[in-house]
Novice: 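Sharing a structure below in structure tokens format, with a few things to ask.
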4 protein chains.
Amino acid sequence: MAEMAARGRPRSETARRAVLDAALRLCQRDGYQALTIKGIAEAAGVGRQTVYRWWPTKEAVLLEALRDLVHRQGARLAPDTGDTLGDIRTLLDTTFRLARELTGHALVGLMAEAQHDPGLSARLQGTVVGPRRAALHDVLVRGVERGELSDDEVSLGLAVDFVFGTMWYRLISHHAPVDDDLAQQLTHALSRLLRPAGATADGLAAPGRKRRL
Amino acid sequence: MAEMAARGRPRSETARRAVLDAALRLCQRDGYQALTIKGIAEAAGVGRQTVYRWWPTKEAVLLEALRDLVHRQGARLAPDTGDTLGDIRTLLDTTFRLARELTGHALVGLMAEAQHDPGLSARLQGTVVGPRRAALHDVLVRGVERGELSDDEVSLGLAVDFVFGTMWYRLISHHAPVDDDLAQQLTHALSRLLRPAGATADGLAAPGRKRRL
Amino acid sequence: MAEMAARGRPRSETARRAVLDAALRLCQRDGYQALTIKGIAEAAGVGRQTVYRWWPTKEAVLLEALRDLVHRQGARLAPDTGDTLGDIRTLLDTTFRLARELTGHALVGLMAEAQHDPGLSARLQGTVVGPRRAALHDVLVRGVERGELSDDEVSLGLAVDFVFGTMWYRLISHHAPVDDDLAQQLTHALSRLLRPAGATADGLAAPGRKRRL
Amino acid sequence: MAEMAARGRPRSETARRAVLDAALRLCQRDGYQALTIKGIAEAAGVGRQTVYRWWPTKEAVLLEALRDLVHRQGARLAPDTGDTLGDIRTLLDTTFRLARELTGHALVGLMAEAQHDPGLSARLQGTVVGPRRAALHDVLVRGVERGELSDDEVSLGLAVDFVFGTMWYRLISHHAPVDDDLAQQLTHALSRLLRPAGATADGLAAPGRKRRL
DNA sequence: AAATAAACGAGACGGTACGTCCTGTCTTTGG
DNA sequence: CCAAAGACAGGACGTACCGTCTCGTTTATTT
């Protein structure tokens with residue numbers, strides 16, 4: 001396992017961080033469409049060639065910036081405390097907080113771009129979106145295995161789409177926030193959707209219920 | 001009520017249609033980002049100024065093209081047959097078919113653009129997205145009034161987000177189709193989410209049920 | 001000799017004059033290059049097509065405007081009073097005054113344009129410039145016939161070029177005015193250039209001389 | 001005396017020359033009006049921005065092209081051989097040859113443009129036209145100092161205008177060539193115009209003299 | 001310490017789309 | 001049938017950014 005002998009000046013971590021930070025900042029400020037490599041380089045105080053040397057497109061810059069951001073958060077994806085609904089809540093809270101900070105502009109712009117760029121789509125799903133989906137799916141599977149949930153009536157895939165679809169939809173159309181309240185409502189809705197046949201309706205508390213005997 | 005006297009050469013409906021058609025076609029073929037006004041004008045066989053004369057941006061062109069498409073479909077939005085779940089199915093089938101044809105690229109691109117353009121966002125919601133949302137909401141309200149559905153546990157707003165969120169999410173990430181099967185699953189899931197407290201589980205058939213003890 | 005029967009609405013003299021006036025005014029104000037047919041039509045309060053119907057190019061408009069201006073001045077071209085130098089002075093005074101009023105911009109611009117438009121060049125020479133040249137030449141010829149001048153040493157053609165060349169040169173480069181003083185100096189210079197061999201130097205008055213008995 | 005450190009890619013002399021050459025060539029071929037920056041860039045095989053980066057207008061391109069041409073010719077402006085008339089002939093021959101090659105179109109077009117652009121006018125006079133004028137004036141002044149010429153009757157300024165006016169006039173109206181013959185005639189005419197009072201007519205040979213008593 | 005080599009900033013290069021303006025033609029209403 | 005109004009296809013304008021290419025400089029490793 002011979003290492004490639006390092007020759008010449010090593011890559012500047014300072015420049016790399018400056019580029020990623022500038023990309024996220026500009027995308028958040030001016031929107032995805034208005035983001036240009038020239039603009040990123042200038043905002044980062046970096047030569048344009050330095051960007052092109054390491055990233056082929058502005059999408060690649062943004063994607064790496066997002067991946068870095070996610071990694072730095074180092075969020076625990078799939079906690080397993082034995083309490084399925086509690087795990088769901090935890091996961092949703094973490095995910096929603098990340099989504100709010102994650103510069104919706106960047107994510108939505110990348111998603112739009114990924115419409116006709118399968119490679120980008122795959123990387124986006126693989127590094128940013130996919131792990132969250134998989135984590136939720138895992139929690140639900142464990143719930144089914146424990147008998148707390150059932151996929152007899154509604155498939156787990158649809159349940160996962162329910163959660164992330166609603167999140168995305170609100171991120172995009174802004175008609176309602178993606179906050180802790182949404183996490184609570186979604187958790188409750190999931191419990192109804194996936195409730196096993198024999199479970200009583202009272203086994204779980206409805207969010208808005210005022211106490212109903 | 002004197003009409004403004006018509007002076008000068010009247011606007012060419014031919015050119016208008018050519019522009020709108022070319023815009024949708026190019027957006028579908030090359031994606032939203034690659035769409036340019038120059039490209040639209042050339043594909044439509046139209047002078048560039050003719051586009052700028054009537055539409056300020058490519059977003060405006062796409063928006064009008066979508067609106068035209070929706071209007072031409074003239075889809076019945078909120079059928080009221082007395083059968084709430086049947087009405088939901090009808091509405092979903094119509095909406096999904098439209099979404100599939102509607103050049104997801106255009107819609108998603110516009111959505112991305114609308115992130116930092118409140119005016120576009122409003123027009124997009126008002127003309128293309130909003131009516132569908134409102135129609136579904138109306139159907140659900142009627143269901144609640146008839147006692148077929150209940151919003152005690154899950155708010156109707158969240159239920160609507162569930163449907164459209166899932167649709168959007170699949171349109172964007174392509175991990176599953178937006179087809180009649182999805183309409184069926186969503187209808188069934190809605191019936192579970194909004195089932196009144198006293199209703200028996202058997203009142204409604206589960207779509208993909210494999211076994212039922 | 002049957003006249004062509006006049007049919008339909010007759011041409012509007014008002015519009016014609018408005019166009020010609022606007023053309024001269026705009027050319028004087030903004031220069032020849034900045035002159036556009038659209039601008040002329042709008043300044044004249046006239047439809048664009050009305051200009052194109054009667055004149056093929058902006059050059060044609062300007063040329064007709066100049067021709068009109070010259071005709072309206074109705075300047076006597078070649079007075080024959082018997083006093084050759086006096087006739088020259090008269091002719092130069094008239095010509096210079098016309099040139100000053102004639103919107104040098106228009107004339108110079110047309111000349112520049114005529115560089116690669118032989119037809120325009122011919123019409124320009126024929127209607128505006130040529131008659132003046134011919135008139136001066138006639139006066140000089142009469143002077144030679146009377147023995148007051150001689151073309152032995154300097155050809156009359158060169159003498160004419162001397163006068164008009166100097167005028168044009170000053171109109172173009174603005175380094176000195178084209179005024180009565182120039183007319184006087186040129187007249188005196190001509191008398192020297194074309195003085196017959198036997199004439200005394202005193203036969204003609206030098207320009208700056210104040211009365212010399 | 002520290003030089004400004006050279007940074008970035010240096011300007012391409014190849015591109016500069018290609019632009020200047022293309023500009024002169026196109027102006028000569030199609031005329032000044034038809035000259036466009038787009039056309040220059042394409043003919044030079046150069047990006048349009050490369051032209052705009054270094055020259056603000058097509059006038060500036062032409063002016064620099066002319067200046068380069070003049071410099072490359074490196075013409076001796078004011079020879080001083082002691083023979084005034086000989087010096088004049090030499091200067092005129094050089095100037096006329098340059099003018100013929102110098103793409104009259106470019107010069108006349110620039111002159112026309114300079115009508116309403118004082119800055120251009122000044123630069124045009126300063127770099128291309130002025131030095132020739134000054135050179136001729138110097139020669140004439142030396143002639144006066146030597147007693148070979150006199151400015152008693154005709155001012156030297158008018159004499160200079162005579163020469164350059166005639167040249168310009170012929171360049172513009174094309175009614176006669178600007179060749180060696182013109183140089184000879186003008187030299188002779190100058191000798192008459194500026195002949196000192198006491199000089200005999202025979203001191204200088206008339207060029208086209210037919211008979212001499 | 002000197003040589004080598006790659007990354008760095010800067011910025012010019014050939015291109016392309018932008019949004020504006022004008023061209024010359026056309027198509028309408030109205031005198 | 002002319003005039004005004006103005007939409008039409010087309011094309012040049014001057015600007016911005018693209019992605020590539022030199023430059024001189026800096027910062028490492030390898031002699």
Side-chain angles (χ1 to χ4, degrees), chain A residues 5-12 14-16 34-42 44-54 56-58, chain B residues 5-16 18 34-42 44-54 56-58, chain C residues 6-12 14-16 18 34-42 44-54 56-58, chain D residues 5-16 18 34-42 44-54 56-58:
Chain A
R7 301 269 280 153
R9 179 176 177 174
R11 177 172 182 183
S12 159
T14 306
R16 178 176 166 278
L35 190 66
T36 66
I37 290 203
K38 191 191 184 202
I40 294 173
E42 288 174 355
V46 144
R48 204 133 48 98
Q49 192 60 39
T50 298
V51 181
Y52 283 111
R53 184 159 21 237
W54 303 108
T57 59
K58 70 173 179 179
Chain B
R7 303 275 270 151
R9 180 175 177 172
R11 177 172 182 184
S12 160
E13 179 63 18
T14 305
R16 180 177 164 277
L35 189 66
T36 66
I37 290 202
K38 190 189 185 205
I40 294 173
E42 288 174 355
V46 144
R48 205 135 48 100
Q49 190 60 40
T50 297
V51 182
Y52 283 112
R53 186 165 13 243
W54 302 109
T57 60
K58 68 175 180 178
Chain C
R7 305 264 278 138
R9 180 173 176 173
R11 177 173 182 183
S12 158
T14 306
R16 179 177 166 277
L35 190 66
T36 66
I37 290 202
K38 190 191 185 203
I40 294 173
E42 288 174 355
V46 144
R48 204 133 47 96
Q49 191 59 37
T50 299
V51 181
Y52 282 112
R53 190 169 0 249
W54 302 108
T57 59
K58 70 174 179 179
Chain D
R7 309 278 259 139
R9 181 175 177 172
R11 176 171 182 183
S12 160
E13 179 62 19
T14 305
R16 180 177 164 276
L35 189 67
T36 66
I37 291 202
K38 189 189 184 203
I40 293 172
E42 289 174 355
V46 145
R48 205 137 47 98
Q49 191 60 39
T50 297
V51 182
Y52 284 113
R53 186 162 15 242
W54 302 109
T57 59
K58 68 174 180 178

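All chains are named by letter (A, B, ...) in the order of the sequence lines, taking the proteins before the strands, and each is independently numbered beginning at 1.
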Novice: Ignoring hydrogens and angles, does a donor from either the side chain of R48(D) or the base of dG14(F) sit under 3.5 Å from an acceptor on the other?
Specialist: yes
Novice: Specify the closest pair of heavy atoms between T57(A) and I37(A), including all atoms of both residues, with the distance to one decimal.
Specialist: C-CD1, 4.0 Å
Novice: Return whichever of T57(D) or G47(C) has its heavy-atom-nearest nucleotide of DNA chain F closer to the 5' end.
Specialist: G47(C)
Novice: Hey, mind stepping through T50(D) and R53(D) against side chain to side chain contact (heavy atoms under 4.5 Å, CB included) and telling me if it holds?
Specialist: CA-CA 5 Å; T50(D) 297; R53(D) 186 162 15 242; 3.6 Å; yes
Novice: Closest heavy-atom contact between S12(D) and A15(D)?
Specialist: OG-N, 2.9 Å
Novice: Given axes from five pairs at either end, by how many degrees does the helix from dA1(E)-dT31(F) to dG31(E)-dC1(F) bend, rounded to 10°?
Specialist: 10°
Novice: If you compare all heavy atoms of L35(D) against all heavy atoms of K58(D), which two are closest, and at what distance to 0.1 Å?
Specialist: O-NZ, 3.0 Å
Novice: The criterion is salt bridge (Lys or Arg N to Asp or Glu O under 4.0 Å); which residues satisfy it with R16(C), sequence neighbours excluded?
Specialist: E13(C), E64(C), D68(C)
Novice: Rounded to whole Å, please give me the gap between CZ in R53(A) and C1' in dG9(E).
Specialist: 10 Å
Novice: For dC22(E), does the base pair up with any side-chain atom of Q49(B) as donor and acceptor (N or O, under 3.5 Å, distance only)?
Specialist: no
Novice: If each of T36(C) and G45(A) is mapped to the nucleotide of DNA chain E with the nearest heavy atom, which maps nearer the 5' terminus, i.e. the 5' end?
Specialist: G45(A)
Novice: Please state whether the phosphate of dA4(F), meaning OP1 or OP2, lies under 4.0 angstrom from any side-chain nitrogen or oxygen of T50(C).
Specialist: yes
Novice: Report the residue (P56(B) or A44(D)) whose heavy-atom-nearest nucleotide on DNA chain E is the more 5′ of the two.
Specialist: A44(D)
Novice: Please list, by residue number, the residues of residues 9-16 of chain D whose heavy atoms come closer than 4.0 Å to an atom of DNA chain E; answer none if no residue qualifies.
Specialist: R9(D), R11(D), S12(D)
Novice: Quick one: Y52(D) OH to dC13(E) C1', roughly how many Å, whole number?
Specialist: 17 Å
Novice: Which part of the nucleic acid, if any, lies within contact of G39(A), taking any heavy atom under 4.0 Å across all strands shown: a base, the sugar-phosphate backbone alone, or nothing?
Specialist: nothing
Novice: Of the candidate nucleotides dC18(E), dC18(F), dC2(F), which contains the atom at the shortest distance from the side chain of I37(A)?
Specialist: dC18(F)
Novice: Give a yes/no answer on whether the side chain of W54(B) brings an N or O atom under 4.0 Å of OP1 or OP2 in dA7(F).
Specialist: no
Novice: Choose from dC22(E), dC18(E), dG9(E) the nucleotide whose nearest atom is closest to any side-chain atom of K38(C).
Specialist: dC22(E)
Novice: Send over the distance from I40(A) CD1 to dC18(F) C1', rounded to a whole Å.
Specialist: 13 Å
